[in-house]
2 protein chains.
Amino acid sequence: MVLVSNNDSATSHAIADDLKDRILEGKYKPGMRLIQDELAIEFKASRSPIREALRMLEADGLVTIKTHSGAWITELDFAEFEELYQIRERVEPLMLRLSIPHLTTKLIKELEATLEKLNEATTVQQFLKLDREFHLLTYEGAATSYLGEIVQRMWNTTQPYRRRYSQILEREHFTSAHLEHTLLMKAIKRADLDDAERILYGHIRRTRLELQDQAE
Amino acid sequence: MVLVSNNDSATSHAIADDLKDRILEGKYKPGMRLIQDELAIEFKASRSPIREALRMLEADGLVTIKTHSGAWITELDFAEFEELYQIRERVEPLMLRLSIPHLTTKLIKELEATLEKLNEATTVQQFLKLDREFHLLTYEGAATSYLGEIVQRMWNTTQPYRRRYSQILEREHFTSAHLEHTLLMKAIKRADLDDAERILYGHIRRTRLELQDQAE
DNA sequence: TTAGGTCTGATTGCATCCAATCACAAGAAA
DNA sequence: TTTCTTGTGATTGGATGCAATCAGACCTAA
């Protein structure tokens, strides 16, 4: 289960990947409109592949298309953001459970290295990037077809908001996250499925509640 | 949250809806190939809207597209079917929890009527149709944007397989389902969120395990 | 001033044509 | 016989032009 890159030769896929990066990096902000002609000119292609790319991004939840009207970068209100976190609480522990038994020693080494870098992160930028990397890596052992898609999609759509809201988080949050990540790592290493599930559930839940508190 | 019909004027949407019905009704069987030209002729349209419709169905998980190769009705192996049931076990109880507090008395009346018909169903066909109707109705109170999509998508993709596998289920299964549905209805009426979640979780889980037993 | 209607430019949706790619069959070599 | 190569038809991907639709400005009437 590769939750990272996606190499498909067709230009529509290439365009979709490129746009996806821009959205995840925050270059394209939620609510921004995308105009087919402009994109076509920029990518030196016709509107056909652009349209297909937009449909793919729509499937990823990154873009919202309204018939005869246009395409916008998906915009979440806080309720939707919260909803996605609630789904994550339920779904990611399952994916972790399915993954742990198939994690190779190589992957575990990689996980530990990422965790170390994560603990040393100083900027919010770094923290977000490494946090994402760490969690998605823990799922790499799951040979799932649908679960992986769902999880990836949720990480993608919430990405711009994690960036936005994490600015308001207290220092306290990062130390809690640090402790939970360490506990999670230990549970993974001794292949304790129930414990790992529980820690992850609590980790996501606590983050949601903290964001909830800060946001009002 | 309307999990039933979808009225969008654009022809690509109309085509997508039509194809969707055919797949869910079992006219188009998993593994069957879809050829753009043939569909274009049948729908008296060009290939552009057909292509868009296929992309939409891909997003719904009903169709699988391979670049430069073609489109097929999505085919699940048993492992994927099981995976989807595991996700349902985690996700649908959450949706039920979010729904119950907002169920109107009108909806509850409708639910009871559906349950009554469901208990009187004699053929497998009827059972499947009413079972789907009953469960999706219990979620109708949830004002969710993503959860609803996910749940609906899982019901859609597993539909052909529910039909296939339910043929091999014992009479025993239907009486268990009956009892669980009745318990669920009671929990819903007294708005007992925890109990409702637990019953639904067990209901989906038991079905999965029974199918697992029968299938090997 | 404000509400409603109409017009117009911008943009999307669809049709058609051509190019790129693939799958499969037929043939050649071992 | 088996395996590899090559070529050809079928099918998908992309480009271009036109029609349909929408949003916003402008005008008119109350």
Side-chain angles (χ1 to χ4, degrees), chain A residues 5-23 27-75 77 145 149, chain B residues 5-23 27-75 77:
Chain A
S5 63
N6 178 8
N7 49 349
D8 198 313
S9 56
T11 48
S12 61
H13 278 93
I15 293 171
D17 285 349
D18 198 332
L19 289 176
K20 190 173 185 168
D21 286 343
R22 295 185 194 182
I23 298 170
K27 279 194 206 165
Y28 284 2
K29 297 225 156 45
M32 174 180 161
R33 176 154 186 205
L34 298 175
I35 288 170
Q36 297 177 5
D37 269 324
E38 291 178 5
L39 294 175
I41 292 168
E42 191 191 333
F43 284 104
K44 288 173 181 143
S46 80
R47 274 172 43 225
S48 320
I50 303 286
R51 292 175 63 81
E52 301 236 344
L54 290 175
R55 286 267 176 236
M56 295 181 215
L57 294 175
E58 188 190 28
D60 280 345
L62 291 173
V63 155
T64 304
I65 297 177
K66 240 179 86 185
T67 309
H68 280 299
S69 180
W72 289 264
I73 308 294
T74 302
E75 202 164 17
D77 56 32
S145 36
E149 263 182 53
Chain B
S5 62
N6 177 7
N7 48 347
D8 197 314
S9 56
T11 49
S12 62
H13 278 93
I15 292 171
D17 285 349
D18 199 331
L19 290 175
K20 189 173 187 171
D21 285 343
R22 295 183 193 182
I23 298 169
K27 279 194 206 166
Y28 284 0
K29 298 226 156 44
M32 175 179 161
R33 178 156 183 203
L34 298 175
I35 289 170
Q36 297 177 5
D37 269 323
E38 292 178 3
L39 294 174
I41 292 169
E42 193 193 331
F43 283 104
K44 289 174 182 142
S46 81
R47 275 172 45 226
S48 319
I50 303 287
R51 293 176 61 80
E52 301 235 346
L54 290 176
R55 286 268 175 235
M56 295 181 214
L57 294 174
E58 188 191 27
D60 280 344
L62 291 172
V63 156
T64 305
I65 297 177
K66 241 179 82 185
T67 308
H68 279 300
S69 179
W72 288 265
I73 308 295
T74 301
E75 202 163 17
D77 58 30

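Chain A is the first sequence line, chain B the second, and so forth, proteins listed ahead of strands; every chain is numbered from 1.
Looking at D18(B) and F43(B), their side chains come closer than 4.5 Å, going by heavy atoms from C-beta outward. Between L39(B) and I15(B) there is no side-chain heavy-atom pair separated by less than 4.5 Å. Taking the side chain as every heavy atom from C-beta outward, L54(B) and Q36(B) approach each other to under 4.5 Å. V63(B) has its side chain within reach of I23(B): a pair of non-hydrogen atoms, C-beta onward, lies under 4.5 Å apart. Residues L62(A) and Y28(A) are not in side-chain contact: their nearest non-hydrogen atoms beyond the backbone lie 4.5 Å or more apart.
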Filtered N/O pairs between nucleotides 17-21 of chain D and protein, under 3.5 Å:
none

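Nearest-nucleotide positions on DNA chain D for G70(B) and A45(A) put G70(B) closer to the 5' end.
Rounded to whole Å, atom P of dC14(C) lies 14 Å from atom CZ of R51(B). Between the CD atom of E52(A) and the P atom of dC14(C) there is a distance of 13 Å, given to the nearest Å. Straight-line distance from the CD1 atom of I65(A) to the P atom of dC22(D): 16 Å, rounded to whole Å. Atoms NE2 (H13(A)) and C1' (dG13(D)) sit 12 Å apart, rounded to a whole Å. E58(B) has its CD atom 10 Å from the P atom of dG13(D), to the nearest Å. Taking atom NZ of residue K44(B) and atom P of nucleotide dG13(C), one finds them 24 Å apart after rounding to whole Å. The CD1 atom of I50(B) sits 14 Å away from the C1' atom of dT12(D) (whole-angstrom rounding). Here dT11(C) presents its P atom at 14 Å from CG of L54(A), a figure rounded to the nearest Å.
S69(B) comes within 4.0 angstrom of the backbone, heavy atoms only, and of no base. No engagement by A71(A) is indicated, since no non-hydrogen atom pair under 4.0 Å with the nucleic acid exists.
Picking from dT12(D), dT16(D), dA15(C) the nucleotide with the shortest atom distance to the side chain of S46(A) gives dT16(D). Closest to the K66(A) side chain, of the nucleotides dA23(D), dT16(C), dT16(D), is dA23(D). Closest contact between the side chain of S12(B) and the listed nucleotides dG13(D), dG14(D), dC14(C) involves dC14(C).
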Stepwise side-chain contact (heavy atoms from CB on, under 4.5 Å) check, L57(B) with K20(B): CA-CA 7 Å; L57(B) 294 174; K20(B) 189 173 187 171; 4.1 Å; yes
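Residues from residues 28-40 of chain B lying near DNA chain D, meaning a heavy-atom separation below 4.0 Å, are R33(B), L34(B), I35(B), Q36(B), D37(B) in numerical order.
Classification of R55(B) and E58(B) as a salt-bridged pair holds, one side-chain N sitting under 4.0 Å from a carboxylate O.
Residues R47(B) and A40(B) come closest through the heavy atom pair CG-CB, 4.0 Å. Shortest non-hydrogen contact noted between E52(A) and S12(A) is CB-CB, 4.0 Å.
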